[in-house]
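Notes follow once the structure below has been shown.
Throughout, a chain's letter reflects where its sequence line sits, starting with A, and its residues are numbered from 1. Only a predicted model underlies this, so the values are computations on that prediction, with no experimental measurement involved.
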Amino acid sequence: MTGVLALIGRNTLAFLRYLSGLYDLTSEAVYWTFVAPFKGREIKWDNAFHQMVLAGVNSIPIVSLISLFIGVVLGLQGAYQLEKFGATYYVTALVGVSMTRELGPLITAIIIAGRSGSAFAAEIGTMKVSEEIDALEVMGLNIVRYLVVPKYLALLVMMPCLTLVSDLAGILGGGIFEIYQLDQTFAMFLSATRDALVMRDITTGLIKSLVFGLIITEVGCYEGFTVRGGAEGVGKSTTSAVVVSIFLIIFADVVFTAIFYYTS
Amino acid sequence: MAHDFEGPMIRVVDLVTYYGERRILNRVNLDIQAGETMVILGGSGTGKSTLIRHIIRLELPTSGHIFIKTHDICHMPEERFDLLRHKIGMLFQSAALFNSMTIEENVSLPLCELTQLEDSTIRIMTRIKLDLVGLNGFENYMPAQLSGGMKKRAGLARALAMDPEILLFDEPSAGLDPVTAAGIDALILKLKRAFRMTIVVVTHEMASAFLIADRITVMDRGEVIAVGTPDEIKASTHPKVQQFLNRTPEEEAIDAQAYLRTLTQSGE
Ligand SMILES: Nc1ncnc2c1ncn2[C@@H]1O[C@H](COP(=O)(O)OP(=O)(O)O)[C@@H](O)[C@H]1O
Ligand SMILES: [Mg+2]
């Protein structure tokens with residue numbers, strides 16, 4: 001019994017320590033992104049643009065493709081239910097609202113956690129193992145400013161963009177199904193989508209995507225900085241960067257969806 | 001080099017460090033004079049790297065002090081140490097080159113980031129440092145394209161970029177073949193003669209220690225067990241020191257010049 005309690009206590013402590021580490025890293029990243037530039041310590045824009053291309057532009061194909069499929073699947077599943085009420089006209093609204101409010105940001109975040117979160121952890125972890133992080137520190141160069149801020153900026157800019165891409169692709173996917181299967185015209189699909197969506201659907205999705213981007217960067221970088229024990233450690237950190245960030249993304253999603261639900 | 005202070009360049013006083021429950025350094029006391037080459041010798045796991053990491057403030061001790069000139073670096077704010085930091089260069093055991101940058105970008109990084117020099121000046125200074133370590137012509141190579149010895153040389157060029165007064169080496173010849181290792185030793189000797197820097201070398205290679213050292217500190221399990229000139233160390237009666245020396249009996253008799261000649265003839 002005491003063994004179980006000790007185990008719970010130890011794990012809770014470890015989890016709290018992890019969160020406080022994340023918090024420290026986040027506050028330092030926020031300082032170097034939003035405060036330091038006004039004190040003459042400029043942001044490394046070259047690096048940030050490089051990261052935007054890697055994390056953002058290069059993810060457009062996979063995000064669109066997966067969202068398109070999800071849109072088709074949503075259309076299929078929606079029609080299966082709504083057919084019973086003869087309400088297949090509402091499939092378009094269902095797809096539009098689910099994509100913009102929920103699935104667009106979530107799918108994008110999960111793809112980016114897998115692609116970029118793991119890449120961040122692997123890059124920083126490898127640098128840690130090969131003493132490059134120490135070398136930066138010895139030179140007096142701030143590691144958060146050099147390594148974290150460009151990634152953080154890249155995702156802050158790219159997550160909303162990718163989420164919009166995902167929203168669009170998903171709605172189109174739904175549209176393909178509706179036009180071919182439910183005998184709607186493209187004009188009907190467009191006007192149904194326009195009627196169904198309000199601005200708030202899209203903005204709540206984009207706000208979520210910013211939070212998800214923050215989680216992916218901080219967890220990826222933190223896992224990288226805390227790598228222990230060589231190449232094997234890098235592998236472990238890369239895996240847990242993906243697992244932990246997806247967990248936190250879904251947790252944050254619950255919290256934000258609840259907030260948006262009760263405040264609307 | 002003129003000195004604006006009295007006493008040793010680096011003074012370690014009662015340094016104690018724990019990693020978790022384990023005591024890694026146990027009341028280490030050490031004075032390193034300006035302009036001398038101090039070799040810290042000891043088996044692996046005795047805390048040599050830990051000590052050198054404290055000297056450049058990559059770790060903070062559990063208790064004790066480290067003075068560089070007259071500044072207590074363990075008890076000063078980070079920003080004030082930044083000013084001192086630029087006077088210290090370090091070559092890491094793995095060379096620690098930035099893998100995403102060319103050799104030239106690696107060496108010029110501290111100059112670009114920490115000084116206001118013109119690009120053309122930085123270019124020239126970078127070339128001079130690369131020349132010094134024998135790497136001219138390799139400016140546009142990526143670290144992955146270089147051999148182990150060349151990586152160490154590039155790392156050394158980067159450590160020299162800011163013209164440091166103190167140069168720290170962590171296992172400069174570890175993982176290198178003997179010929180390449182001797183080349184690195186020769187390079188350290190060359191720097192020592194040319195610049196009169198204060199040099200601290202951590203190593204477990206006895207041959208290279210006796211070759212380059214002005215004085216040697218022998219460490220064992222986190223403690224300093226002997227300090228002295230190479231001759232004094234050889235004559236030491238401390239059982240641990242004797243044990244360490246005798247474990248590699250073929251390297252006992254060392255004539256620096258002959259040693260260098262035999263090793264450098266076949267390569268470099
Ligand atoms: N970050 C660390 N956390 C825990 N233990 C460490 C850490 N770094 C080194 N040690 C331990 O400290 C001891 C001394 O290490 P080190 O200074 O690297 O030895 P050396 O360089 O003389 O081979 C070793 O036993 C090592 O296991
Ligand atoms: Mg070591």
Side-chain angles (χ1 to χ4, degrees), chain A residues 10 13-14 17 24 28 31-32 35-37 39-51 53-55 119-120 122-151 154 224-231 233-234, chain B residues 19-20 49-50 52-60 78-101 105-116 143-144 151-152 154-156 158-162 164 166-171 174-175:
Chain A
R10 243 196 322 274
L13 277 181
R17 212 170 299 130
D24 290 346
E28 211 176 325
Y31 170 81
W32 284 102
V35 183
K39 296 186 177 171
R41 310 294 302 268
E42 268 172 44
I43 286 168
K44 302 275 136 194
W45 285 110
D46 294 5
N47 274 344
F49 285 128
H50 181 62
Q51 291 292 337
V53 173
L54 284 183
F120 295 166
E123 182 195 329
I124 293 180
T126 310
M127 291 184 74
K128 168 103 186 177
V129 169
S130 61
E131 298 178 304
E132 288 173 52
I133 303 277
D134 291 335
L136 277 175
E137 231 170 298
V138 163
M139 286 180 205
L141 305 183
N142 185 285
I143 51 176
V144 172
R145 176 172 176 230
Y146 274 80
L147 296 175
V148 181
V149 169
K151 298 176 170 60
F225 285 127
T226 50
V227 162
R228 294 232 176 286
V234 177
Chain B
Y19 279 137
S49 298
T50 306
I52 210 170
R53 289 169 65 84
H54 278 84
I55 294 177
I56 197 153
R57 209 180 130 134
L58 279 170
E59 321 272 353
L60 288 173
E78 190 78 28
E79 308 83 65
R80 274 196 47 220
F81 183 66
D82 278 343
L83 300 175
L84 267 177
R85 201 194 303 266
H86 305 155
K87 298 192 161 63
I88 313 176
M90 172 149 179
L91 174 59
F92 288 88
Q93 185 163 356
S94 61
L97 296 173
F98 302 117
N99 281 308
S100 56
M101 297 181 186
E105 285 166 346
N106 262 286
V107 177
S108 61
L109 183 70
L111 295 168
C112 293
E113 294 297 336
L114 304 170
T115 69
Q116 309 293 326
K151 277 187 200 164
K152 289 267 166 106
L156 181 53
R158 188 179 64 189
L160 287 169
M162 297 289 287
I166 300 173
L167 199 50
L168 310 175
F169 292 84
D170 191 0
E171 307 272 6

For a salt bridge (charged side-chain N to carboxylate O under 4.0 Å, His left out) check, start with the C-alpha distance between A/Lys44 and B/Glu113, then their side-chain angles and the critical distance, and finish with the verdict. CA-CA 11 Å; A/Lys44 302 275 136 194; B/Glu113 294 297 336; 3.1 Å; yes
Might you work through the side chain to side chain contact (heavy atoms under 4.5 Å, CB included) test for B/Leu58 and A/Val138, ending with a clear yes or no? CA-CA 7 Å; B/Leu58 279 170; A/Val138 163; 3.8 Å; yes
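Distance alone, capped at 3.5 Å, is enough to place a donor-acceptor pair between the A/Glu131 side chain and the B/Ser94 backbone.
Here CG of A/Leu136 is found 7.0 Å from CG of B/Leu109. Values are rounded to the nearest 0.5 Å. Atoms CD and CZ, on A/Glu137 and B/Arg57 in that order, are 10.0 Å from each other to the nearest 0.5 Å.
Both the backbone and the side chain of B/Gln93 come within contact range of chain A, judged by heavy atoms closer than 4.5 Å. Within the 4.5 angstrom heavy-atom criterion, no atom of B/Leu168 approaches chain A.
Each of B/Arg158, B/Met162, B/Met90 was scored for a side chain to side chain contact (heavy atoms under 4.5 Å, CB included) with A/Met139, with one residue passing: B/Arg158.
Scanning both residues, B/Asn99 and A/Glu132, for their nearest heavy atoms gives ND2-OE2, 3.0 Å. The heavy-atom pair separating B/Phe92 from A/Ala135 by the smallest distance is CE1-CA, 3.5 Å.
Other residues, nucleotides and ligands contribute at most 12 non-hydrogen atoms within 6.0 Å of the CD atom of A/Glu42. Surrounding NE2 of B/His86 are more than 12 heavy atoms belonging to other residues, nucleotides or ligands, all under 6.0 Å away.
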